Structure formats: structure tokens, C-alpha cells
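Here the structure is laid out as C-alpha cells; the discussion comes afterwards.
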Amino acid sequence: MKKLFATVLLFIAFLMTTPAAFAEMVMFNTKTYKFHTISCRYAHACTVNCIKIDRKEALRRGGIPCKVCGR
């Protein structure tokens with residue numbers, strides 16, 4: 001039981017110290033300012049003006065979430 005508790009504490013500490021490792025990446029269209037999850041069907045179609053960035057960065061740039069994937 002003590003090993004399980006210690007493992008859980010280490011995992012929580014790891015999560016709190018490395019938030020960038022778990023950031024959600026999105027496909028951001030630099031022309032329309034819309035962004036999609038990586039698995040969205042429209043993200044696959046976006047090739048010319050799209051870049052792969054963090055969701056928070058897309059929102060900071062004035063991005064609008066896709067209406068289909070909702071993210």
C-alpha cells in the first residue's frame with residue numbers, strides 16, 4: 001500500500017512539473033484563424049496555411065475553435 005501511495009505521489013509531482021509535455025496540439029489556420037484537433041477531418045484537409053501549435057497559443061493569437069470538433 002505504501003508503494004502504491006508513493007507511486008501516485010511521484011506521478012502527481014511529475015504532472016505538476018511538466019505541464020508543457022501534456023499540452024494539446026492543434027492545427028491552426030493562419031489565414032482564417034480557425035483551429036482543429038489533430039484528429040479532426042478538417043485538420044487533415046488543411047495543408048496550405050496551417051501550422052501545428054499549442055491550443056493556448058492558438059487562442060492567444062485570436063483563434064476560433066472548429067465547429068465540428070469543438071476544440
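As the structure is a prediction and not an experimental result, all values here were calculated from the model.
- Under the disulfide (SG to SG under 2.5 Å) criterion, Cys50 pairs with Cys46, sequence neighbours left out.
- Ala43 approaches Thr37 most closely through the heavy-atom pair CB-O, 3.2 Å.
- Taking CD from Glu57 and CD1 from Ile51, the interatomic distance works out to 8.0 Å, rounded to the nearest 0.5 Å.
- Listed by chain and residue number, Asp54 satisfy the side chain to side chain contact (heavy atoms under 4.5 Å, CB included) test with Lys56 (two or more places apart in sequence, or in another chain).
- Side-chain contact between Val68 and His36 is absent, with no heavy-atom pair separated by less than 4.5 Å.
- Residue pairs meeting the salt bridge (Lys or Arg N to Asp or Glu O under 4.0 Å) criterion with at least one member in residues 27-46, sequence neighbours excluded, do not occur.
- The shortest non-hydrogen separation linking Gly62 to Tyr33 is O-CB, 4.0 Å.
- Rounded to the nearest 0.5 Å, atoms CD (Glu24) and CD1 (Ile38) are 8.5 Å apart.
- Every residue meeting the side chain to side chain contact (heavy atoms under 4.5 Å, CB included) condition with Leu59, not counting sequence neighbours, appears here in chain and number order: Phe35, Arg55.
- To the nearest 0.5 Å, atoms CD1 (Ile53) and CE (Met27) are separated by 9.5 Å.
- Residues Asn49 and Thr32 fail the side-chain proximity criterion, which asks for heavy atoms closer than 4.5 Å.
- The shortest heavy-atom contact between Tyr42 and Cys66 is CD1-SG, 4.5 Å.
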